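Working notes for the structure below.
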There are 2 protein chains.
Amino acid sequence: MSSSGDCRYVSSMTNRFISKLNGLVPLTASDIAILEDAAARPREYQPRQDLIREGDEPGPMFVVLEGWVCRYKILPNGARQIMAFLMPGDGCDLHITLLNEMDHSIQAVTKATVATISKDEMSEMLATHHNIARAMYAAQLIDEGIMRAWIVSIGRRNATERVAHLICELYIRARSIGLADEGEFALPLSQAVLADALGLTAVHVNRILKELRVAGAMSIKRGSVTILDPIALIQIAGFDENYLHRRMRRAG
Amino acid sequence: MSSSGDCRYVSSMTNRFISKLNGLVPLTASDIAILEDAAARPREYQPRQDLIREGDEPGPMFVVLEGWVCRYKILPNGARQIMAFLMPGDGCDLHITLLNEMDHSIQAVTKATVATISKDEMSEMLATHHNIARAMYAAQLIDEGIMRAWIVSIGRRNATERVAHLICELYIRARSIGLADEGEFALPLSQAVLADALGLTAVHVNRILKELRVAGAMSIKRGSVTILDPIALIQIAGFDENYLHRRMRRAG
DNA sequence: CGATCTCTTGAGTTCCCTCAACTTAGGTGG
DNA sequence: CCACCTAAGTTGAGGGAACTCAAGAGATCG
């Protein structure tokens, strides 16, 4: 199907996904080979392009290789709420094909490269490669933890705390996949997108960002966040470093 | 281990769990037998008693047989946010033992009967009984859908819509496990608990409930909800019936 | 039958929203 | 390269939804 050149290309593009899984559960060469094979043939999406829409029949599992993607839902009144950000290496629900239809949409936030893993390949991998299965289940548990943290943030934190908390989360996630320098990382999200994720308005997000900048905690310019005072930011956010479960339990 | 009397008792208590799974994916007699066996030895919890606390090492999977249970988290400032309600038949995260420690607590809201399934029993069942695995994965996907719906509600609905939406969700869930009559069901949650789930204060929940009562949409008394005008309530909530995925996709 | 929890209602405050205008940045074509 | 266009960011003024504080009524239980 693909030349050896293609294979190397695919291999390099799937690195983030594989290395993320490998960080959760050590993978063998055979695991990595089957993963590289499964997540081949990536596709490009433009900003604001939907990967799949609410109401659609779920297809293959998505794996983000490059760029940012989000899950979102539009309410009858036109308001939008983003429920999750997917960064390079992140995948969507494992068993999604069990459901009849999508209850939300998934959209590229930036230009994004996304691979797909067919249902059959998934079943095969989960059944025969236990390390892959364990790693994917661990990744899914982490994603669920993030969702719960978002509920807590939106429900009980004020706007300042909420912004700070999201930035902390995204910084940790970016760093764990090698996309953050010390105290700085690329955040290609407009204030409107941040607002849709935080349950705020873009205007208010703008004011909060100014407040955090003036307070010397962090600043955003040109799609890049600089964390000026990590201690202060963590303090404002009430951020619990451990919630992203960066240390997995030993296999047993 | 247990007498036949015990077995029958257990069997009746696990009915809701098994019948819920059976509603998602048809189970064989053998599936049902192994489930009854695995979810034996239930334990009683008192209201406000924790099943497990944030920071604890995850143990076996919990399955609620009777009563209401919630996931929650307490913030540094003392505020509490409930992230999920578990009703009879609901279970906790399948692969939770992959994680090092709990990132939230789980607590009985009412007096509750809860069974546990050990890690080994779970692995065994998931590996050898594909119907059970499919049903449990479907249940988990539904729970994730509910979490996403909560993010949307808390993020983008006002208090009235939020209360109405939660009541719609809980009514559908109660009805699907046979715990709701036509337009009426038991809701053993104080206004403070509702507030903690909705990201509101108890005082405001009280005002909203009055508003909904006066509007003739629904009324709560003595732990029981009466839906007076379902159409109006659904309309206020902007409720999408399909989000609970009550129709699973056919096995393929 | 007092103690305690839950519910209810009022008054005042605050956080965030809405609306609106203006500035800045980035992209495109003449 | 400038002129234009559009999207994104910034700031102000005013309003409203939800919060806080407080006090009292009602229910539940030992």
Side-chain angles (χ1 to χ4, degrees), chain A residues 46-49 68 75 77-82 107-111 153-166 186-215 218-226 236, chain B residues 46-49 68 75 77-81 108-111 153-166 186-215 218-226 236:
Chain A
Q46 295 305 311
R48 292 170 185 266
Q49 187 179 356
W68 288 56
L75 291 185
N77 65 20
R80 180 167 96 140
Q81 177 67 44
I82 290 175
Q107 182 174 92
V109 179
T110 65
K111 204 164 118 164
S153 247
I154 300 177
R156 288 293 185 218
R157 280 191 250 261
N158 68 27
T160 310
E161 298 164 345
R162 232 182 281 181
V163 170
H165 197 274
L166 181 63
L187 186 82
L189 308 178
S190 70
Q191 293 177 2
V193 169
L194 286 174
D196 284 345
L198 293 163
L200 299 168
T201 58
V203 170
H204 200 58
V205 166
N206 180 281
R207 290 189 229 269
I208 299 296
L209 288 176
K210 179 179 181 185
E211 175 193 315
L212 287 170
R213 192 182 336 119
V214 169
M218 53 162 284
S219 90
I220 298 188
K221 349 183 176 29
R222 298 240 202 97
S224 167
V225 175
T226 307
I236 291 168
Chain B
Q46 295 305 311
R48 291 169 185 267
Q49 188 179 355
W68 288 57
L75 291 186
N77 65 19
R80 181 167 93 139
Q81 178 67 43
V109 178
T110 65
K111 205 164 118 165
S153 247
I154 299 177
R156 289 293 184 214
R157 279 190 249 260
N158 68 27
T160 310
E161 297 164 346
R162 232 182 279 179
V163 170
H165 197 274
L166 181 63
L187 188 83
L189 307 178
S190 71
Q191 294 177 2
V193 169
L194 286 174
D196 284 345
L198 293 162
L200 299 169
T201 58
V203 170
H204 200 57
V205 166
N206 180 280
R207 290 189 230 270
I208 299 297
L209 288 176
K210 179 179 180 183
E211 175 193 316
L212 287 169
R213 193 181 335 121
V214 169
M218 54 160 285
S219 89
I220 297 187
K221 358 182 173 24
R222 297 242 202 94
S224 166
V225 174
T226 307
I236 291 168

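The figures that follow rest on heavy atoms only: side chains count, while hydrogens, waters and symmetry mates do not. Please read all numbers here as calculations on a predicted model, not as lab measurements. A, B, ... follow the sequence lines: proteins, then strands. Residue 1 opens every chain.
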Item to check | Interatomic distance where CZ belongs to B:Arg222 and C1' belongs to D:dG26 [whole Å] | outcome: 11 Å
Checklist outcome for this item: Readout for nucleotides 8-18 of chain D: B = base within 4.0 Å of protein heavy atom, S = sugar-phosphate only, - = neither; 5' to 3' it is SSBBBB----B
Item to check | Shortest non-hydrogen contact from A:Arg156 toward B:Gly199 | outcome: NH1-C, 3.5 Å
Item to check | Heavy-atom closest contact (A:Asn206 atom, A:Gln191 atom, distance) | outcome: ND2-OE1, 2.9 Å
Rounded to the nearest 0.5 Å, what's the gap from [atom1] on [X] to [atom2] on [Y]? Could you check?
{"X": "A:Leu198", "Y": "A:His204", "atom1": "CG", "atom2": "NE2", "answer": "10.5 Å"}
{"X": "B:Leu200", "Y": "B:Leu194", "atom1": "CG", "atom2": "CG", "answer": "9.5 Å"}
{"X": "B:Asn77", "Y": "A:Glu161", "atom1": "CG", "atom2": "CD", "answer": "6.5 Å"}
{"X": "B:Ser153", "Y": "B:Arg162", "atom1": "OG", "atom2": "CZ", "answer": "7.5 Å"}

Checklist entry - Any side-chain heavy atom of B:Ile236 within less than 4.5 Å of one from B:Leu212? => result yes
Item to check | Criterion side chain to side chain contact (heavy atoms under 4.5 Å, CB included) on A:Val109 and A:Arg48, from CA distance to verdict | outcome: CA-CA 6 Å; A:Val109 179; A:Arg48 292 170 185 266; over 6 Å; no
Checklist entry - Taking 5' to 3' order, which nucleotide of DNA chain C is first and which is last to have an atom within less than 4.0 Å of a heavy atom in chain A? => result C:dC16 to C:dG26
